[in-house]
J.: 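My questions all concern the structure below.
Ligands are counted one by one from 1 in listed order, and the atoms in each one are counted from 1 as well.
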Amino acid sequence: MKMFSLAPLRFRLFPRFVFFLTLIAVVPVATVSTLIVRINDDSLQKQVQRFHIQLAESLANRMDERLSTLQAQLFLGISALQSPNLSWAGRQDFLRSLLDSSEQFGIISVVNNFGQEVMKVYNPVLEPDIREQEALISHRTFPLFLYFKKTGKQSVRATRRNGKTFAEIYLPFETPAGLNAMYAKASLNDLSDVISQKAIGLTGYAYVVGADGELLTSPPAAAGPNIQIIKDPSMVKTALMGSLGAREFRDENGIRWVGASAPINKLGGAVLTQQKRDEAYADVIKGKRTAALNVLITILIILMAAYLLAGSLVKPLLAITRVAQDVDLARGAFPEPVRITSGDEIQDLAQTFNKMIEKLKGYADMQVEKLIIEQKKTEAIIFSIEDGLIMTDYQGKIQLINHQAKNILQIPGDTDALGQPLWKFLPSPDLKTAFVDVLTKPEAKKAIEVKLPREGKDNFFALKSEHVRPPNKQETLGVVTVIHDITLEKELDSMKEEFLHSITHDLRNPLTAIRGFIRLFQSGQTGVLTDLQRKMFDTMDKASLRLMTMVNDILDLARLEAGRLKLNLASIRIEDISNRVIELFTPQARTNTIQLSIETANGPLPPVTADPALMERVFTNLIGNAMKFTPDGGTITIKLAASDDAFIGSVRDSGEGIPKAYLDAIFDKFKQVEGRFKGGAGLGLTICKRIVEAHGGRIWAESDEGKGSIFTFTIPRNLVIPQQEKAA
Ligand code: ADP
């Protein structure tokens, strides 16, 4: 039997601990880190974008500044040309000196109302294609001129042709001949070079687009040899709409870029910068990676801490559980105490647990001691009783034997009979038969007598057996046999018999003689008696009759108890017997005015197998008692009935009744209700009981005190002769 029944050890608490501890620690760490990284990201990205915007803006401003400078010089030219004092040649010289004042000017010319150049100077270094004779050309078909003509306002445009970037400007001025224009073509190559050489990191560059979106700068030199400008159409479009700002786009290879644009307000077009996103945000990405790594490391540390913490919490509990499982009260197994030195509540728990185990152990020891004491006591009882006692299992092997049993079976005291078959120790065949009988049928609960000759005389033993059944248990462990020495009882019995025999002769015979003489005196054969003498003889007759009855009762009972009563069975009609008895009592009943009647249930009764003389004795005793204890004027009713298997007879009277405490006791020898002595020795009912029981029946009394009693007896209709009878 196990004291504790626990589920098999499972690590249920441990993963839960780890999970919740991790959850509690990791979630805030992860959340906070993500937030910080995101804030950082945002600011870093903004910084990168701002840098791009500023760069684009500064480059755009430089382009515009260039235009402003050129414009200022041209306005100076216009005012000189408008001076009336200046000759044609003077004007020509002035234009030339204007051209020479800036090395960016390629051409400066005056275009009349019809688009025809009327005066022109050029820088052959910048414009090597112009030949002297073709110097003056018509601008009539030039789109910028047409635009200028249409608006009548200053028209500016940046263009790139043959790998060169330049600006063309028409500045209006009025002459008497109409609206003329000062035309200039100025190189922007220096600016274009500056821009195309601008490096932003390793992958970034800047470029300029014209008013129509055409590229005005050469491939970005700084970003590597074979790098082509990637022009994102939508970005160019936004840039040309005049917006200053940063944006991201993805090129046709799927690479992501970060860029910014700034409009070139006066010259038209825009400066754009762009850089591969991976590089631009390298710091951001790196920061993110570092943060992720940090978070990961933190989580790992937390996990480890949770694991260790959970382990330190759960391990002692597991240790305690294991110890609890190892406790086995039935086998007296108590494991070593749990050793926990964590210095916390768990240590307290372990100590309390150890104390409990200690107490349990003490209790178990106590139980064992108690058991041993009990066992010793039982042994002492078994070995000190006078009867022989043998316990055998169902294979007939001896489990326990006391020395009295050894004595009776003449087994030497030092023989170890335990575990040996009992048959080995049963030499006489009688003994063997008796043991077989008693051991195979313990439920018969009947003693079997056996005679064993010992030291020249016969010894008698009664063998009685019983299944051994532990308290509150159904299964049996074996059979215990008690061997009771009945030699003395047997001797007493035979002495009693002898005594009774002598009483029969010594007491009854003189009494019969006395009664014979009394009757002789009463008959008057010995002389006439006086009235007084007659009365005396009547009293003597009655007293001797009572004495005779008493002696007879004692002798009958002795015979009944000695088992010497023989049932002379015959098929009898019980009502004949009861009627005969009633007839005997009728004169007395009449004298006492007692109504004596008989009731028979439903016609004649079936015959019964019984001893007629003994049945008559039963009726005589019961009716006689009823007559004795019923006052004058009372009633006595005899009832006879038969069921399927028994005959039932009863005698009811309206006498004083019997106190409850006496209802069973009056069937015992010499027992009478105190204070109601009406003669008799108190043996009548005992004799009735013996007779009824000898017939296999039952007798009992019921009474309503003060109102009467009823005595009922049954005898089986198909009588089986009892054992005792057979034995006799
Ligand atoms: P006895 O009649 O010789 O005393 P019994 O054995 O017949 O012996 O009766 C025992 C006792 O039972 C009686 O002494 C009496 O006290 C009581 N007893 C028996 N029969 C009756 C009865 N019918 N009514 C009242 N008491 C009775």
J.: More than 12 heavy atoms of other residues, nucleotides or ligands under 6.0 Å from OH of Y394: is that the case?
T.: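 Buried by this count: over 12 neighbours within 6.0 Å.
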J.: So is K451 actually on top of F460's ring, under 6.0 Å and inside 45° of the axis?
T.: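 That pair does not qualify as a cation-pi contact.
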J.: Ligand 1: which residues have a non-hydrogen atom closer than 4.0 Å?
T.: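 Under the 4.0 Å cut-off, ligand 1 touches N625, A626, K628, F629, D653, G657, I658, I666, K671, Q672, V673, G679, G680, A681, G682, L683, G684, L685, S709, F711.
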J.: Salt-bridge test for E379 and K376: reply yes if a basic N is under 4.0 Å from a carboxylate O, no otherwise.
T.: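 Looking at K376 together with E379, the answer is no, because their closest N to O distance does not fall below 4.0 Å.
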J.: Step by step, work out the side chain to side chain contact (heavy atoms under 4.5 Å, CB included) result for T392 and Q399.
T.: CA-CA 5 Å; T392 46; Q399 303 297 311; 5.6 Å; no
J.: Should the pair F713 and F619 be assigned to parallel (<30°), tilted (30 to 60°) or perpendicular (>60°) ring geometry?
T.: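 F713 vs F619 ring planes: perpendicular.
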J.: Test R617 against D553 for salt bridge (Lys or Arg N to Asp or Glu O under 4.0 Å), laying out the working first.
T.: CA-CA 10 Å; R617 186 74 183 275; D553 277 357; 2.3 Å; yes
